[in-house]
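To start, the structure itself, in structure tokens.
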There are 2 protein chains.
Amino acid sequence: MTNKQSRKTPTPPGAKPRLQMVDIAKMAGVSTATVSRALNDSPLVTPETRARIAELARSMNYTINAGAKHLRLGQNKTVALVLPYERDSRQSVSDPFFLSMFGAIADALTERGYDMLVSRVDASELDCAAQLYNAGRAMGIILIGQWRHHEQLKAMAERGVPLVVWGAQMTDGGYCTVGCDNIAGGELATEHLIACGRRRIAFIGDTVFPEVAQRMEGYRRALARHGIVADERLSIAASFLADGARQAMAELKRRQAPFDAVFACSDLLALTAIGALEQQGLKVPRDVSVVGYDDVAMASYFHLPLTTVRQDIEAGGRELVAALIERIGHQEPASRVVATELVIRETSRVPAA
Amino acid sequence: MTNKQSRKTPTPPGAKPRLQMVDIAKMAGVSTATVSRALNDSPLVTPETRARIAELARSMNYTINAGAKHLRLGQNKTVALVLPYERDSRQSVSDPFFLSMFGAIADALTERGYDMLVSRVDASELDCAAQLYNAGRAMGIILIGQWRHHEQLKAMAERGVPLVVWGAQMTDGGYCTVGCDNIAGGELATEHLIACGRRRIAFIGDTVFPEVAQRMEGYRRALARHGIVADERLSIAASFLADGARQAMAELKRRQAPFDAVFACSDLLALTAIGALEQQGLKVPRDVSVVGYDDVAMASYFHLPLTTVRQDIEAGGRELVAALIERIGHQEPASRVVATELVIRETSRVPAA
DNA sequence: CTGAAAGCGCTAACAC
DNA sequence: GTGTTAGCGCTTTCAG
């Protein structure tokens with residue numbers, strides 16, 4: 001019996017064969033060309049046919065096969081979002097900041113009709129990210145965080161991979177970045193702490209990350225502007241991991257360098273630093289003022305609302321997507337800077353005189 | 001001049017034409033068939049040819065075009081991860097729990113060689129998720145949270161869409177779920193609170209979500225077991241949004257029903273509830289014991305480490321992926337339950353007598 | 001062991 | 001307006 005089931009791919013038992021355009025065409029009594037045109041809103045088909053076919057397709061739960069369409073069109077509307085992680089600790093994503101950024105990018109992409117393919121790649125093998133492009137899986141790549149791999153990213157971009165990176169704008173360019181003005185952010189936080197009457201301000205963050213290095217630069221400039229000499233002992237390289245702050249606070253205590261404020265390079269760091277401080281019997285903000293970075297949702301809900309440097313993540317997501325789409329259209333998008341603003345809450349309240 | 005640039009698609013200016021298999025074939029002086037075989041580790045090519053072609057491909061940054069391959073093979077190794085959101089508040093993702101689950105799924109998928117396509121869809125139009133399957137973009141769908149849309153999910157699964165859902169196992173089945181035993185979780189939390197000497201335990205969480213309804217069921221059972229009558233005024237429907245807990249605490253105060261403990265259906269809720277409680281002048285855990293749900297990373301770093309019901313998210317991600325892959329292979333995977341355990345920290349410390 | 005050729009599901013000339 | 005047809009880049013029989 002030559003029933004209609006005679007597809008080439010031997011339909012596995014118990015699996016409904018997937019509907020194709022020919023099927024719809026047959027049912028509608030037209031050719032596939034017409035179905036294609038109708039489903040793509042071509043003005044070449046009569047409105048009635050279009051409506052009839054659209055209705056038929058919907059009722060049959062038929063959707064044009066995206067893969068075939070893309071192959072034919074030579075372009076697919078998907079972009080890859082790459083989240084690098086450090087090999088030893090998969091934690092890169094544990095920071096709520098990532099999640100917000102992720103959501104912002106997802107929304108911006110959806111809005112423009114793009115699909116989002118998400119990959120986590122080992123930060124030491126960032127080149128793998130390029131394969132997503134080479135294999136035609138994605139038209140371009142958004143990468144969150146440049147980590148310590150500036151050179152690799154530069155090389156990728158030079159090879160022609162459409163790439164946009166969330167991170168610090170590097171002086172030697174090479175690829176398009178979107179990020180906050182980290183120097184300004186560092187200055188903002190430090191100036192505020194100084195205005196609170198603090199002089200011995202600890203800096204927590206790992207400067208191998210360009211963003212952090214720039215925030216520290218801002219911190220230095222602000223101190224210098226007020227004639228305060230930066231005490232090297234007050235700078236602690238803490239990883240972004242949650243435990244980083246705890247260790248940093250312990251280290252700070254060990255160094256016996258007195259301090260009256262902490263500028264942490266992420267809210268997560270700041271929040272856990274406060275916990276550690278309180279365990280040491282120090283009172284925030286009475287004994288120590290604390291400023292964080294990011295303004296994650298949790299920051300304001302904390303029992304002691306956190307003073308922090310807010311990054312406009314929504315805008316960041318939008319700009320990343322906009323820049324990448326420009327790049328896909330073979331333009332050379334300029335790097336962009338999104339707004340940074342200081343949000344003053346409780347953790348830096350000036351001690352009652 | 002008929003140079004080799006003569007591709008059909010008019011290469012836009014400034015864009016390097018993408019390498020194809022023919023290009024590699026020409027360079028290697030073989031046919032595309034051989035290149036294909038070499039790159040797919042077919043035993044039909046001599047090891048030397050294979051090595052030579054593999055090396056050539058790598059040096060040219062060539063990767064087999066995934067779309068074409070999938071079209072030809074009639075199967076693509078990608079699964080869609082769908083994150084529903086409520087229309088009014090895009091916040092669904094602001095809960096760190098999502099992020100952890102997301103990471104766990106990403107890792108499990110990567111490990112098995114699958115790509116992950118992520119989509120946020122309006123929770124009221126969950127059917128859109130099926131299109132990802134119908135359009136052949138993904139071989140199956142993982143959905144996080146069934147929200148209030150059990151029926152729609154059931155219908156989708158019945159239409160043959162390979163679907164696995166993180167959520168509560170429903171008695172009427174219909175689709176495969178992976179989730180914790182929420183009733184047991186609710187019991188665990190409540191029993192612990194009772195063991196702490198608490199009798200008037202408030203429940204915070206919106207029972208339109210099946211998971212929450214089941215946790216409440218566990219809460220009720222535990223109370224009943226100890227002969228405690230549940231005071232209806234102590235149950236507050238709070239949304240998962242961060243502000244939900246704040247409102248819930250205000251409502252609780254308004255109802256003037258005395259309480260000595262709070263069981264919140266997420267850590268985010270618990271953390272913000274504690275903040276609200278402290279603002280009302282109540283001391284945790286002295287006046288009120290608090291238990292959360294999820295054991296998100298932040299929970300233990302909070303200034304008052306949170307007692308909470310831990311869900312094994314890593315295992316959850318692995319199971320979701322395993323179940324979906326079974327389903328893609330045309331089996332009927334059974335719903336699974338992952339481990340739930342109570343983590344006792346500070347917020348429920350028994351008051352010093 | 002390797003090459004030639006057919007075709008995966010779709011779109012866009014080009015005919016009618 | 002609609003149908004016919006030739007590929008998009010790949011894999012895989014089938015010949016050699």
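This one's a predicted model, so the numbers in the text were calculated from it and none came from an experiment. Here is the naming used below: chain letters follow the sequence lines, and residue numbers restart at 1 for every chain.
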Between [options], spot the one nearest the side chain of [X], thanks.
X       : options              : value
A/Thr34 : C/dG9, D/dG3, D/dC10 : D/dG3
A/Asn65 : D/dG1, D/dG3, C/dC10 : C/dC10
B/Met21 : D/dG9, D/dG3, D/dC10 : D/dC10

Q: Could I get the full list of side chain to side chain donor-acceptor pair (under 3.5 Å) partners for A/Ser124, not counting sequence neighbours?
A: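 Scan of A/Ser124 (side chain to side chain donor-acceptor pair (under 3.5 Å), adjacent residues dropped) gives A/Arg87, A/Asp122.
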Q) Atom CG of A/Asn40 to atom P of D/dT2: distance rounded to whole Å? A)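 Going from CG in A/Asn40 over to P in D/dT2 covers 15 Å.
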Q: May I have the distance from B/Gln20 (atom CD) to D/dC10 (atom C1'), rounded to whole angstrom?
A: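 Interatomic distance, CD of B/Gln20 to C1' of D/dC10: 10 Å.
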[atom1]/[X] to [atom2]/[Y] distance, rounded to the nearest 0.5 angstrom?
X        : Y        : atom1 : atom2 : value
A/Trp166 : A/Leu143 : CH2   : CG    : 13.5 Å
A/Asn61  : B/Asn134 : CG    : CG    : 5.5 Å
A/Leu320 : A/Leu324 : CG    : CG    : 8.5 Å

Polar atom pairs between nucleotides 13-16 of chain C and protein, under 3.5 Å, N or O only, would you list them?
residue: C/dA13; atom: N6; partner: A/Arg37; partner atom: NH1; Å: 3.4

Q. Closer than 4.0 Å, any side-chain N/O of A/Tyr62 to the OP1 or OP2 of C/dC10?
A.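 Answer yes for this pair, as a side-chain N or O of A/Tyr62 is under 4.0 Å from OP1 or OP2.
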**Q.** 5' precedence on DNA chain D between B/Ala66 and B/Leu44 (nearest-nucleotide basis)
**A.**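 Nearest nucleotide further toward 5': that of B/Ala66.
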Q: Go through the structure and list residues passing salt bridge (charged side-chain N to carboxylate O under 4.0 Å, His left out) with A/Glu55, not counting sequence neighbours.
A: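 By the salt bridge (charged side-chain N to carboxylate O under 4.0 Å, His left out) rule, A/Glu55 matches A/Arg58.
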Q) Of B/Thr49 and A/Ala68, whose nearest nucleotide on DNA chain C comes first from the 5' end? A)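 Per heavy-atom nearest nucleotide, the more 5' residue is B/Thr49.
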